[in-house]
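Everything below concerns the one structure shown next.
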Amino acid sequence: MELGYYNGKFRDINENVIPIDERGHQFGDGVYEFIRVYDGKPFLLNQHLDRLERSAKALFIKLPITRTELETIIQEGIAKSELQEADIYLQVTRGIAPRNHLFPDTDAQLSLTIRNPRQIPEQAYEEGISTMLLEDERWANCYIKSLNLLPNILAKQAAAQKGCKEAILVKNGYITEGSSSNVFAVKNGTLYTTPATKHILCGITRTNVMSCAHDHDIPVREQHMTMAFLKEADEVFVTSTSIGILPVAKIDQAVLPLTRPITQRLSKAYKQLRNVQ
Ligand code: PDD
């Protein structure tokens, strides 16, 4: 059963609970995490909660409960939902107060949803997806997983209207990341990805894919990539919690090779992490 949680209680997913003066609703003033549940267990939970704490700190939001309490709510939610496979969306906003740009003197608000996971067709993993390059119009602090996703939404929508599954964003001539994913390329056996500066979200999947590569003796370089480098790569893939590792078949008009040996090896290794945590 899909579930919601707001103001200290689990609720029916369709219950209307957000007050008009909730700052998440009015300003997008908050942070979030998206966590995947496999086999009843939240995958890489500690890393997601570490990032949540970093994001909240960067926006001067004090989390309303302790880490242990948060972990308990997540575990309780999974148990109540009885879902073995689920998507958890968790957000913390600066709270509820009459609209005023200045920080209010109120407690932060935690909400979450636990839902059936979004399904990605197997065909996408076999054939790879089409992507398009778009200008990265976001702000300077993309390392914060903030609720403000307008440029990401606009880029994803623009890509969808051209029949593409992801927009790959470009800032000053260099690839930053996807609209909701990180970007990797393989060239001559080496794995490349954009360095984790303030201009990208340092994905949990990204970090774990990089350690899988280390474990399999695949050299990794965090390096800024030009559009031409990406289009001429041997393999390209995008990563996120919801998609895992998804191969890219096409970038604008450039068609990438059909064989993807390193993507395949990494996909297998990344899936195996579910068994070891
Ligand atoms: N998005 N970059 C951006 C801009 C993202 O929105 C995401 C994930 C990632 C990958 O991060 P991770 O591997 O930690 O999921 C990179 C989530 C899934 C979302 O917004 O729903």
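We count ligands from 1, going down the list as the structure has it; atoms in each ligand are counted the same way. All values below were derived from every heavy atom in this structure, side-chain atoms included, with hydrogens, water molecules and symmetry-related copies excluded.
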Tell me the protein heavy atom at minimum distance from atom 11 (O) of ligand 1, and give that distance in Å. G203 CA, 3.4 Å
For atom 1 (N) of ligand 1, closest protein heavy-atom neighbour: K145 NZ, 3.4 Å
Check whether T93 reaches the backbone of E22 with its side chain - one donor and one acceptor, N or O, closer than 3.5 Å. no
Could you check atom 19 (C) of ligand 1 against the protein and tell me its nearest heavy-atom contact, residue, atom and distance included? Y32 OH, 3.8 Å
If you measure every N/O of R51 against every N/O of ligand 1, is any gap under 3.5 Å? yes
Test item: Q26 side-chain N/O and I20 main-chain N/O as donor-acceptor pair under 3.5 Å: yes
At a 4.0 Å threshold, what atoms of ligand 1 neighbour a non-hydrogen atom of N182? 10 (C), 16 (C)
Side-chain (Q109) to main-chain (R94) donor-acceptor, under 3.5 angstrom: no
Less than 4.0 Å is my threshold; does some heavy atom of C142 fall inside it relative to ligand 1? no
Do R36 and F34 meet the cation-pi criteria used here (NZ or CZ under 6.0 Å from the six-membered ring centre, within 45° of the axis)? no
Tell me which protein heavy atom sits closest to atom 18 (C) of ligand 1, plus the residue, atom name and distance to 0.1 Å. F34 CD2, 3.7 Å
Close side-chain approach of Q47 and N208, heavy atoms under 4.5 Å: yes
N/O donor-acceptor pair under 3.5 Å between K171 side chain and R138 backbone: yes
heavy-atom search around atom 13 (O) of ligand 1 in the protein gives T205 OG1, 2.6 Å
Specify the protein heavy atom at minimum distance from atom 15 (O) of ligand 1: its residue, its atom name, and the distance to 0.1 Å. T241 OG1, 2.5 Å
So for ligand 1, is N152 a polar contact partner (N or O within less than 3.5 Å, distance only)? no
For S240, take its heavy atoms, then give the atoms of ligand 1 lying under 4.0 Å from any of them. 10 (C), 13 (O), 15 (O)
Check: H48 N/O within less than 3.5 Å of ligand 1 N/O: no
With a 3.5 Å distance limit and no angle check, can you tell me whether R260 reaches the backbone of E126 through a side-chain donor-acceptor pair? yes
Cationic N near anionic O, under 4.0 Å, R206 to E222: yes
Quick check: does I204 get an N/O under 3.5 Å from an N/O on ligand 1? yes
I need the atoms of ligand 1 closer than 4.0 Å to a non-hydrogen atom of S179, numbered in the order shown. 4 (C)
T207 (side chain) donor-acceptor with G203 (main chain) under 3.5 angstrom: yes
Angle between ring planes, F184 versus F237, binned at 30° and 60°: parallel, tilted or perpendicular? parallel
Identify the closest protein heavy atom to atom 2 (N) of ligand 1: which residue and atom is it, and at what distance? E177 OE1, 2.6 Å
Can you confirm, on distance only, whether ligand 1 has an N/O atom lying under 3.5 Å from any N/O atom belonging to S242? no
Side chains of V220 and T190, heavy atoms from C-beta outward: is any pair under 4.5 Å? no
To atom 7 (C) of ligand 1, the nearest of P151, S180, A155 on a heavy-atom basis is S180
